[in-house]
Amino acid sequence: MAREAAADDRVSIGQRLAHVRERIERAAEACGRDPTGVRLVAISKTQPPERIREAYVAGQRAFGENYAQELASKAEALADMSGLEWHFVGHLQTNKAKIVAKYAHVVHSLDSAVLGRELGKRVAREGRTRPLPVLVEVNVEGEPQKGGVAPGELAELLAAVRAESTLQLRGLMTVPPAEGLAVARRVFEAVLTLRNLHGGAALMPELSFGMTADLEVAIACGATIVRVGVGVFGPRGR
Ligand SMILES: *Cc1c(COP(=O)(O)O)cnc(C)c1O
């Protein structure tokens, strides 16, 4: 499938998924990595449950949502689908932690100690048998409109997360500015450096970065989870 076809409505989700998986495989092979070490999370924000079902039928199991309420309604609508896994990747407000604690299997966007404590408490109240896997979002470029902790405050936040017995620290996540591949690479490399400074892969095995436009660069920089929306579902309307 050609790149242009990604903007074509007649292309099925199954075909798009196959194309994204092929991109992941090629990118991993190009840098000598095992493609199975890169997990695809299909970002389903704004997509109706029927389109998520279509992706599920094509073999996709991990889906990502940005808004707590949208996560809750889709998780309810798709509760019949076994093995489906919800990743929360959006900015999380403390007053929505309860919803995320109930429905998410992984949280990528933890960015404050207050939120970590609230999420930890809510997970405990949900009576989950296992700790909730979480990643800490880093705002490398200090973009004020975006979530994420500043690199200088990372150590403190990581300590706060590790103090929550109901949360399991898994790694770091970032969303680079949409300023092209060179900037994305610089941001991914900065996150990789931060991971190595703060305990390395033993403490934080997961690196969540790479979207439709930059997943090859992300994989070359060590991504273990790529979050792809448009590439899987086609252009978003909202
Ligand atoms: C929307 C979104 C993505 C996916 O971006 P695409 O360009 O659609 O691949 C990934 N991560 C986050 C946090 C997002 O909000």
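Residue numbers start at 1 and run along the sequence shown. Order of listing sets the numbers, starting from 1, for every ligand and every atom in it.
Not a single ring-ring contact (aromatic ring centres under 6.0 Å, His included) links Phe63 to another residue, sequence neighbours left out. Under the side chain to side chain contact (heavy atoms under 4.5 Å, CB included) criterion, His91 pairs with Gln93, Asp111, not counting sequence neighbours.
Judged by the 6.0 Å and 45° rule, Arg227 forms no cation-pi pair with Phe209.
The closest protein non-hydrogen atom to atom 14 (C) of ligand 1 is Lys45 NZ, 3.0 Å. The closest protein non-hydrogen atom to atom 12 (C) of ligand 1 is Arg227 NE, 3.9 Å. Atom 13 (C) of ligand 1 has its closest protein heavy atom at Val89 O, 3.6 Å. Atom 10 (C) of ligand 1 has its closest protein heavy atom at Met211 SD, 3.2 Å.
Heavy-atom proximity to Val230, at under 4.0 Å, picks out these atoms of ligand 1: 6 (P), 8 (O), 9 (O). Atoms of ligand 1 lying under 4.0 Å from any heavy atom of Val228, numbered from 1 in the order shown and given with element: 9 (O).
Both the backbone and the side chain of Thr212 come within contact range of ligand 1, each with a heavy atom under 4.0 Å. With a heavy-atom cut-off of 4.0 Å, Ile43 touches ligand 1 through its side chain alone. With a 4.0 Å cut-off on non-hydrogen atoms, His108 does not touch ligand 1 at all.
Between Glu216 and Arg23, at least one side-chain nitrogen of the basic residue sits less than 4.0 Å from a carboxylate oxygen of the acidic one, meeting the salt-bridge criterion. The pair Glu25-Arg33 does not meet the salt-bridge criterion, since no charged nitrogen lies less than 4.0 angstrom from a carboxylate oxygen.
Other residues, nucleotides and ligands contribute at most 12 non-hydrogen atoms within 6.0 Å of the NZ atom of Lys98.
Residues Glu76 and Tyr103 bring a donor and an acceptor atom of their side chains to less than 3.5 Å of each other.
Considering backbone and side-chain N/O atoms, Val175 never comes within less than 3.5 Å of an N/O atom of ligand 1.
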